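Values in this document were obtained by computation on a predicted structure and should not be read as measured data. Atoms within each ligand, like the ligands themselves, are counted from 1 in listed order. One-based numbering along the sequence shown.
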Amino acid sequence: MLKRISALVLAGATALTLTACGGGDGSAAKGGDGALVMGFAQVGAESGWRTANTKSVQESAKSAGVELKFSDAQQKQENQIKAIRSYIQQKVDVIAFSPVVESGWDTVLKEAKDANIPVILTDRAVDSKDTSLYKTFLGSDFIEEGRKAGKWLVEEYKDSKDPVNIVELQGTTGSAPANDRKAGFAEVVSADSKFNVIASQSGDFTRAKGKEVMEAFLKANPKIDVLYAHNDDMGLGAIEAIEGAGKVPGKDIKIITVDAVHDGMQALADGKINYIVECSPLLGPQLMDLAKKVVKGEQVPARVVTEETTFTQEQAKQALPTRQY
Ligand code: GYE
């Protein structure tokens, strides 16, 4: 990781030197054949969703003729900030990034603004009060995703009066999807007092952490009826923990997840997950479109919301053969 970052910073320094030698006119770095240059600061490679998102961004940059500078921050905000600073030094035409957490971006975004480099938020939001620090935000409505998960649960237990004990595996602490998926779900299930969220902890959006935290949940709580995991990967890790404890996922413990990546959909088709709320990672083509417009100085909507659906077991079986991710 350190190597990757220092290479990135070095590349930034080199570009800076070259620009200075060339007269330092402040003009943007142009790609080989005058192509638009995008610096993309990715969160990491924590989940199947992220892998599909990275592929979408890389492939659509290629087909849109955009020269992509890509960095992987390994889920660390400081790495993303370094990458963004390096893109500023390199005078890229546009910076796109998926902020690992919501807070703490104002300083670096101000630096980009002062350098006249437009910024596009993709996938995750920031909580900056100053919305002039970025041009647009392309991604899902995570609160709505949480609500969809809650609504399924309410429907599933509509004929029962017994208490329903829920455990929640949250995404990365402080990230927009973790904050919002938690809030949207709570908004819906708190309307009926039979639903109790008895434990809620971060599994950092990874399988390994999902498994570890679920093992602890199982040890501490003899009666768990439902698991709500903020992504498929944590749900898949939790399934291993549930099976390890001699219980049947999807039956003894009902499972709801978010994303609908291939492995999650397979588990849903197999009956180990009961319901998945889709979150599309295929943001690349829209991102490239927005980038071209923003660089030309054209107006773009302040918010572009991804369209998505939900899947039951039957729907997963139907969708799986043609699923792109
Ligand atoms: O749900 C999760 C990933 O920000 C929407 O990040 C994304 C989330 C996605 O790690 O799997």
Between Arg85 and Tyr87, is NZ or CZ placed under 6.0 angstrom from the six-membered ring centre and within 45° of the ring axis?
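No, Arg85 does not lie over the aromatic ring of Tyr87.
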Is the Tyr157 ring parallel, tilted or perpendicular to the Phe195 ring (thresholds 30°, 60°)?
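Plane angle over 60°, so perpendicular.
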List the residues meeting ring-ring contact (aromatic ring centres under 6.0 Å, His included) with Tyr275, not counting sequence neighbours, and say none if there are none.
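ring-ring contact (aromatic ring centres under 6.0 Å, His included) check on Tyr275 returns Trp152.
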Scan Asp93, Ile117, Val37, Val66 and name whichever one has a side-chain contact (heavy atoms from CB on, under 4.5 Å) with Val295.
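With Val295 as partner, side-chain contact (heavy atoms from CB on, under 4.5 Å) holds for just one option, Asp93.
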Once side-chain hydrogen bond (donor to acceptor under 3.5 Å, both in side chains) is applied, what residue pairs with a partner in residues 174-184 remain, sequence neighbours excluded?
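For residues 174-184, and leaving out neighbouring residues, the side-chain hydrogen bond (donor to acceptor under 3.5 Å, both in side chains) pairs sorted by first residue read Glu102-Asn179, Glu145-Arg181.
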Not counting sequence neighbours, list each pair that qualifies as a side-chain hydrogen bond (donor to acceptor under 3.5 Å, both in side chains) and has a residue in residues 246-255.
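Found Glu156-Lys254.
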Under a 4.0 Å heavy-atom cut-off, which residues neighbour ligand 1?
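Residues within 4.0 Å of ligand 1: Glu46, Ser47, Trp49, Arg50, Asp123, Arg124, Phe142, Pro177, Arg181, Phe205, Asn231, Asp259, Cys279.
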